[in-house]
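Quick notes on the structure that follows.
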2 protein chains.
Amino acid sequence: MYSPDEDGVFEQLKSVILAAETDARGRVRLPPERTLAEQLGVQRSTVRERLASLENIGVIRRTRGSGTYVQMPNPGFVQLYFDLAVKLGYVSVDEMERAREMLEREIARIAASHATDDDVAELARLYEVMVHARTIEEGLEADYEFHQRLAYMTRNPVVILLIEGLSSVLREVLYRRRVLVRRVPAGAERTNATHPAIVEAIRARDPEAAMAAMDEHFRVWEEQASSIASSRDSASLLETPPRNQDSP
Amino acid sequence: MYSPDEDGVFEQLKSVILAAETDARGRVRLPPERTLAEQLGVQRSTVRERLASLENIGVIRRTRGSGTYVQMPNPGFVQLYFDLAVKLGYVSVDEMERAREMLEREIARIAASHATDDDVAELARLYEVMVHARTIEEGLEADYEFHQRLAYMTRNPVVILLIEGLSSVLREVLYRRRVLVRRVPAGAERTNATHPAIVEAIRARDPEAAMAAMDEHFRVWEEQASSIASSRDSASLLETPPRNQDSP
DNA sequence: GGAAATCAATTGGTCGCACCAATATTATAC
DNA sequence: GTATAATATTGGTGCGACCAATTGATTTCC
């Protein structure tokens, strides 16, 4: 024996997860590790190694003294993954932004095609909060929620997962950039000024106009960012990590 | 002692990975597990558990007898993640398809805006392969490569990562559906007929036309799929797993 | 001298068991 | 019936051993 299992254990664990019954309290609980080890004919440490992977991906949640439970997938894994990818230089911040913009365009389109009145009202409210914000952070938070709300309007968990994962990684970078933008005279006004067009396009249920408004939104914002970047003291904030060796 | 580390070890391992130097043979190699355990002041089994997570995510690659190496992120993690999410019923196949279509639309747009002559030639070649395919599998393979090539034309690793992850999960389902579509008289012809428009739009560097062509592509395909779905013997293939309990 | 076979060191993979710490359950006291 | 305490369950870590694959140096052979 003592040969690598080729992740047969991993596959079996997936089956166990899929076959797991719902608890009396509505929780989907897995058998104890010691039981799983016996059932799969493997050592407990081996089971634990596989479970650790599933936990880091967000598929299960383990609580000492309680048990192992199947969990809703969360955007954390996308964050962790891209966070490492960015830091390792395999992808640049700029490339992540481009991917995010592509998704946002489509989100705007879908959101416009089946928005409820409540959705429109909430977007309008968030815009008001944004405009009347007294601190920079307050305005940025409303801006973030504005885009998040748009994603939720697609009613598609996959889209929400992806956009939240991308946004969370970019949030740090975007935050610093936006703070700089807003410090420029009339910076906040110009960036905020692109939001009403988005809201109106969605209120009119006009997908094409929504995409166009989103395009304009990013265009203005990047214009501001690049004008900021040309100044000396903030150039470093826009740097992207160097790419690593060979990439296929 | 013996208290949960709150993943401090995990964070430290990420730092080690980021600080890892390039090998003489160009490989980025991590210290042996036994050394890492000593450096981090923790047991080897603990180090292994964290490394297992990173390996399943695709950040590192471990080879027995050789060592642990930092690896290019691969789409496998997205596949594993969404595969489980689909099987657990947190997301449906239909929702994944919608997300993929959204990305494909934008991919077509970006591809059209900066395509090289080689790109266009390759797309045209793949279409020819598709048309003259003698077996169903041959045609499907060319179709798959066609869409993959489009994704690569964005030159954005994030987009490629996402679309490959989504496609790999959907591939099984899509394969069965497409096989059915092509078995309908003139099924393959009608679906294939939407490809030239995509190629031509890209050859003309017309982003709007490319998106419209992609829309038409999916529209025809789904029309075929739904007509197939209405027949008795294949209805089960289009089923989506039931959604689970509470989802936030 | 060079290529192939051999051997020992290195390194990741698993095992087995012990113990710690947090939670859940049961028993007990009031 | 409720609150407290004791007990059992369960995940988290430690420790040391051995297995299996790779690597690199050594030897052997031509």
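So that the names make sense, note that chain A is the first sequence line, chain B the second, and so on, each numbered from 1.
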If you find the nucleotide of DNA chain C closest to A/G41 and the one closest to A/S66, which residue's nucleotide is nearer the 5' end?
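Result: A/G41.
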
Mapping B/P31 and B/S45 onto DNA chain C by nearest heavy atom, which one lands closer to the 5' end?
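Final value for this comparison: B/P31.
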
Quick check: any donor-acceptor pair below 3.5 Å linking the side-chain of [X] to the base of [N]?
X: B/R44; N: D/dG16; value: no
X: A/R48; N: D/dG11; value: no
X: A/R61; N: D/dG11; value: no

Run the side chain to side chain donor-acceptor pair (under 3.5 Å) test on B/E95 and B/Y90 for me, step by step, so that the C-alpha distance in whole Å, both residues' side-chain angles and the decisive distance to 0.1 Å come before the verdict.
CA-CA 10 Å; B/E95 286 163 340; B/Y90 288 124; over 6 Å; no

Taking 4.0 Å as the cut-off, does a side-chain nitrogen or oxygen of B/T68 come that near to OP1 or OP2 on C/dG12?
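So the side chain of B/T68 is within the cut-off, an N or O lying under 4.0 Å from OP1 or OP2 of C/dG12.
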
Is the phosphate of C/dA22, meaning OP1 or OP2, less than 4.0 Å from a side-chain N or O of A/T63?
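Answer is no, no contact under 4.0 Å.
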
Report the distance from atom [atom1] of [X] to atom [atom2] of [N], rounded to the nearest whole Å.
X: A/E49; N: C/dG12; atom1: CD; atom2: P; result: 12 Å
X: B/R64; N: C/dC15; atom1: CZ; atom2: C1'; result: 14 Å
X: B/R62; N: C/dT11; atom1: CZ; atom2: P; result: 15 Å

Given C/dG12, D/dG14, D/dG11, the nucleotide with the shortest approach to the side chain of B/Q43:
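Nearest to the side chain of B/Q43 among the choices is D/dG14.
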
Among side-chain atoms of B/D119 and B/T116, is any donor-acceptor pair under 3.5 angstrom?
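Indeed, the side chains of B/D119 and B/T116 share at least one donor-acceptor pair under 3.5 Å.
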
